[in-house]
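This report concerns only the one structure given below.
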Amino acid sequence: MILNTELEYKGNLFPSKIVKYEKNLNVLSFTAENGVILEVTVRRDSILRFRYTTTGIFENDFSYAITKYASRGYNHLEVTEDDDNYIITTAKLICNVSKTDLRTSIFDAKDKTLICEDELGFHWEESYEFGGDVVKMSKTAQSGESYYGLGDKPVDNNLKGKRFENWVTDSYAYGRETDPIYKAIPFYTALHHKKAYGIFFDNTFRSFFDFCAERRNITSFWAHGGEMNYYFIYGPDMSEVVANYTDLTGKPHEMPALWTLGYHQCKWSYYPESNVKEITAKFRELQIPCDAIYLDIDYMEGFRCFTWSKEHFPDPKRMVKELADDGFKTIVIIDPGIKIDMDYSVFKEGLDKDYFCKRADGPYMKGKVWPGECYFPDFTNPEVRDWWSNLFKELVEDIGVKGVWNDMNEPAVMDVPGKTFPNDVRHDYDGNQCSHRKAHNVYGMQMARATYQGLKKFSYPKRPFVITRAAYSGTQRYTSSWTGDNVATWDHLNIANLQAQRMAMSGFSFVGSDIGGFAEQPNGELYARWIQLGIFHPFCRTHSSGDHGDQEPWAFGETITNVVRKFIELRYQLLPYLYTAFWRYAEEGIPILKSLVLYDQQDPQTYYRNDEFVFGEKILVCPVNGPNQKGRRMYIPRGKWYNFWTDELVTGGQELWVDADLDSMPIFVKEGAIIPKYPVQQYVGEKTIDELLLDVYYTEGKEESMVYEDATDGYDYIKGRYSLRSFKLSGKKKELIIQQHKTGKFITTYKTFKLNLHGLPFKITKVQVDNVDIPLKDLKINGDNTLVLTKEFNELHIIG
Ligand code: MIG
């Protein structure tokens, strides 16, 4: 019999001294006298996993974030001890584990410098509210330390001095002060003394991060449940940290079809069919390239997923085909809420099969969304995901829809506190049954995953395309994403810029914003400036709520239309360049957008820069972010850069004023770069590419550039049918040499390159291809700027 109902409040609890140490291959476990166990797993020389239990027992080791394809293996592992510590040494790291309290400190194995050390280290508080622990970690911030990443936080790049929460939330018209918003990506990269490391706290419960906000020199993170379970990822290069995190949580499972990197047009809502056709026809009439058109919730019958409104879309298959004939791919929205309606087959089936989420005491989780009262599939159940994926058969295989847009998957619920499920809702969690407290942050991810599986199955042999609003770490394996319901203001243009950079630095590159703003209406100038930024985001879509007027490229008069066209055309010209950057991301985990700090961490001037970023490897971009600007000041990173518009060569490592009237923006190309371009097309595949344009930017020195191509869709590239060209440029005073090395079995349609030479300091007198002199007239030389030659060369000498 319990006599005392008062629970004792114990405050923070700590591990005590180590009484047992065990080594099982790469898993080292340290048991403290009070039952706490720390398990350190050496995943790679540069990646250590730290996992703690306070009960002496670890729960089943299951993570939605970590991919089974992650690289493993290390070159060196040795554990020694001295009076105070166990000392774990790998080829890259030395980690001390204190014998008195399990606190850890990590050093660079080469130069022995301190990288990261526990302050209080692991501690916890018993939580009577939910019968588990609040698990906590605190670390001492090193002098001059900066912090980056954490998903979609709508704030300046450097997170120092701020505190954040991760709890996936529908956040209409969010702003800089709104936290949390749509995504939970508990991963950050820290930088001090020019060395970077990352922390991935793989805990799906509501979690918190504090970067020297509460206490000036302390960084901490904690969660309302689950395990203290985090990965330490060493660089020292930031791009290595991000690449390793991306390797751990997964790169995109396949390359996106090239058309998905084209321009997309969306609105809430284009309907009926005649309205959709008007919009697409206008794109072609005005010759503004566009690859995808979206149908928002009004295409359905009473917002029932997988149905079509008979009134507004009487014959979707015909419509989708007609759109496809005109180069438009149709993308439809699918939400998680399934309308309670016994005459609706999806609902009936979900009910019969027991696939909907239930409250802890048994009843269904009922919530109001667009269709009215709904039940919600438990996407954390693999059987439910499988069922869900099969629901796409008709949409994709029969009707011909090319992509699916998952919205409201936080999950969002209307008219309830917290705007989501209550905490008690039960989830399968792939056999690890739990409450919504644990499953909330992955619900949207698992929905997007199930959608992806459906698209993958029924689009085959073409590649799937999915877009999601909610995400947890690892979601980048399945889908692209957008930043949710932003607002048509200048500061939201900045926020979009920050979020796209931050997501890229959080392993999730295929992201873009609602160009022009979702809520409210931009004026023409803001829209044009936002398009200029948006064409440099991997996902490029205009979307708006529509209730404040039109937001198509032509909605703001002819001047703006012309600016918008010019920049969307530039996007299409740069498609092979972007595709190559995507290939590097999918292959190596290198983010497509690089914040300046990630681009050059050796230069402290980059640590607090927000606006400028590097797109791919060689193009520096900076949006104009205010009204009535004729240009702006920006920081040019170290090295020499060509102004994209004027070819003027500028020296970086300084701030410069850059002219940029409304029809221009600051764009620079790194000297020595070779930028591949396609001709402007109204949609991907409109034209057969019969010549690859190579913009060659002279340097006195060396630079390597790559061009990746394949069939633009399908899976042949996985069997080696791709074309990867590496160009090694080396410039001398009177000579420019380009060596080409090609791998892969794909034969590109074009037979020639057109070289556009920028900044060549001499007049061409002779051209040699693979040691043979070529008569200049055969090269269709145009002044000293362009020449046309066969794509089959190994070594080209342009001699002055
Ligand atoms: O409650 O489907 O973020 O892109 O247009 C609003 C209607 C639901 C929110 C999405 C937005 C979409 C809108 N949706």
Side-chain angles (χ1 to χ4, degrees), residues 147-188 201 204-214 221-224 268 369 406-421 440-441 443-445 468-473 475 481-506 508 511-522 526 530 533 537 543-545 547-548 595 610-611 625:
Y147 305 92
Y148 306 91
L150 224 62
D152 63 349
K153 304 301 180 196
V155 297
D156 285 355
N157 264 337
N158 195 332
L159 301 173
K160 188 164 198 169
K162 298 197 177 83
R163 172 183 272 223
F164 301 96
E165 183 176 336
N166 291 313
W167 183 256
V168 171
T169 305
D170 178 7
S171 311
Y172 175 79
Y174 62 93
R176 284 185 187 254
E177 303 307 316
T178 320
D179 183 57
I181 58 170
Y182 301 95
K183 295 169 179 82
I185 304 195
F187 164 65
Y188 70 86
F201 181 26
T204 62
F205 286 79
R206 190 188 291 267
S207 65
F208 300 82
F209 284 77
D210 186 301
F211 302 103
C212 312
E214 181 87 2
F221 49 93
W222 65 100
H224 285 182
W268 181 17
V369 224
N406 283 165
D407 185 23
M408 306 292 275
N409 53 347
E410 289 71 28
V413 179
M414 293 168 174
D415 304 331
V416 293
K419 299 190 281 191
T420 192
F421 293 1
H440 175 81
N441 279 339
Y443 184 86
M445 172 195 196
T468 183
R469 195 169 69 175
Y472 180 71
S473 293
T475 308
S481 186
W482 89 107
T483 57
D485 297 344
N486 58 4
V487 187
T489 65
W490 286 101
D491 196 40
H492 264 276
L493 180 154
N494 289 321
I495 290 174
N497 183 6
L498 290 161
Q499 287 182 300
Q501 290 181 48
R502 167 164 288 120
M503 285 295 286
M505 225 193 289
S506 306
F508 203 146
V511 171
S513 67
D514 283 354
I515 295 173
F518 176 74
E520 299 177 23
Q521 202 194 16
L526 174 57
W530 206 321
L533 170 66
H537 287 166
H543 180 40
S544 72
S545 62
D547 48 0
H548 294 90
S595 300
N610 290 313
D611 298 356
N625 55 357

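Everything numeric here is computed off the predicted structure, so don't read it as measured data. Worth knowing before you read on, the calculation uses all heavy atoms, side chains too, and leaves out hydrogens, waters and symmetry mates.
Paired with Asn625 under the rule side-chain hydrogen bond (donor to acceptor under 3.5 Å, both in side chains), one option of Asn497, Asn494, Asn610 passes, and it is Asn494. None of Glu165, His440, His224 except one satisfies the side-chain hydrogen bond (donor to acceptor under 3.5 Å, both in side chains) rule with Arg206; the exception is Glu165. Only one option out of Asp611, Ile515, Leu526, Leu498 pairs with Leu493 in a side chain to side chain contact (heavy atoms under 4.5 Å, CB included); it is Leu526.
For residues 483-492, the set of pairs meeting the salt bridge (Lys or Arg N to Asp or Glu O under 4.0 Å) definition, not counting sequence neighbours, comprises Arg176-Asp491, Arg469-Asp485.
For Ser595, the side-chain hydrogen bond (donor to acceptor under 3.5 Å, both in side chains) partners at least two apart in sequence or on another chain are Gln501. For Ser544, the side-chain contact (heavy atoms from CB on, under 4.5 Å) test picks out Lys267, Gln551, with sequence neighbours left out. For Asp514, the salt bridge (charged side-chain N to carboxylate O under 4.0 Å, His left out) test picks out Arg541, with sequence neighbours left out. For Arg502, there are no salt bridge (charged side-chain N to carboxylate O under 4.0 Å, His left out) partners, not counting sequence neighbours. Residues passing the ring-ring contact (aromatic ring centres under 6.0 Å, His included) test with Phe209, sequence neighbours excluded: Tyr188, Phe221.
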Exercise. Please lay out, stage by stage, how Val155 and Phe164 fare under the test side chain to side chain contact (heavy atoms under 4.5 Å, CB included).
Key: CA-CA 11 Å; Val155 297; Phe164 301 96; 3.9 Å; yes
Practice problem: Any chance you could lay out the side chain to side chain contact (heavy atoms under 4.5 Å, CB included) test for Leu159 and Tyr148, step after step, and finish with the verdict? | Solution: CA-CA 6 Å; Leu159 301 173; Tyr148 306 91; 5.6 Å; no
Exercise. Give the intermediate values and the outcome of side chain to side chain contact (heavy atoms under 4.5 Å, CB included) for residues Asn486 and Tyr174.
Key: CA-CA 6 Å; Asn486 58 4; Tyr174 62 93; 3.7 Å; yes
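Proximity of Thr169 to Glu410: side-chain heavy atoms (C-beta onward) are nowhere separated by under 4.5 Å. In this structure the side chain of Lys153 reaches within 4.5 angstrom of the side chain of Asn166, judged on heavy atoms. With contacts defined as side-chain heavy-atom distances shorter than 4.5 Å, the pair His492/Trp530 qualifies. Taking the side chain as every heavy atom from C-beta outward, Val416 and Phe421 never approach each other to under 4.5 Å. Residues Tyr472 and Val168 form no side-chain contact, since every pair of their non-hydrogen atoms from C-beta on lies 4.5 Å or further apart. Proximity of Trp482 to Asp407: side-chain heavy atoms (C-beta onward) are separated by under 4.5 Å at one or more points.
The shortest non-hydrogen separation linking Phe205 to Ala223 is CB-CB, 4.4 Å. Pro154 and Gly175 get closest at one heavy-atom pair: CG-O, 3.4 Å. Residues Pro186 and Ser473 come closest through the heavy atom pair CD-OG, 3.4 Å. When all heavy atoms of Gln499 and Asp152 are compared, the pair lying nearest together is NE2-O, 2.8 Å. Pairing each heavy atom of Thr475 with each of Met445, the nearest pair is OG1-CG, 3.2 Å. The heavy-atom pair separating Pro180 from Trp167 by the smallest distance is CG-O, 3.1 Å.
Put simply, the side chain of Ser506 gets close to the backbone of Gly151: a donor and an acceptor are under 3.5 Å apart. Judged purely by atom type and a 3.5 angstrom limit, Glu520 has no side-chain atom pairing as donor or acceptor with the backbone of Val487.
Between the CG atom of Asn409 and the CG atom of Asp170 there is a distance of 10.0 Å, given to the nearest 0.5 Å. We find the NE2-CG distance between His537 and Leu533 to be 4.0 Å, quoted to the nearest 0.5 Å. For the atom pair OG (Ser207) and CD1 (Ile185), the distance works out to 11.5 Å, reported to the nearest 0.5 Å. Taking CE of Met503 as the reference point, atom OG of Ser513 lies at 12.5 Å (rounded to 0.5 Å). Rounding to the nearest 0.5 Å gives a distance of 14.0 Å between CD1 of Ile495 and CH2 of Trp490. Considering CZ of Phe211 and NZ of Lys160, their distance stands at 11.5 Å, rounded to 0.5 Å.
Checking Ser481 against Lys183 by side-chain atom types alone, a donor-acceptor pair falls below 3.5 Å. No side-chain donor-acceptor contact under 3.5 Å links Asn406 and Thr468.
Between Phe518 and His543, the distance from one ring center to the other falls under 6.0 angstrom.
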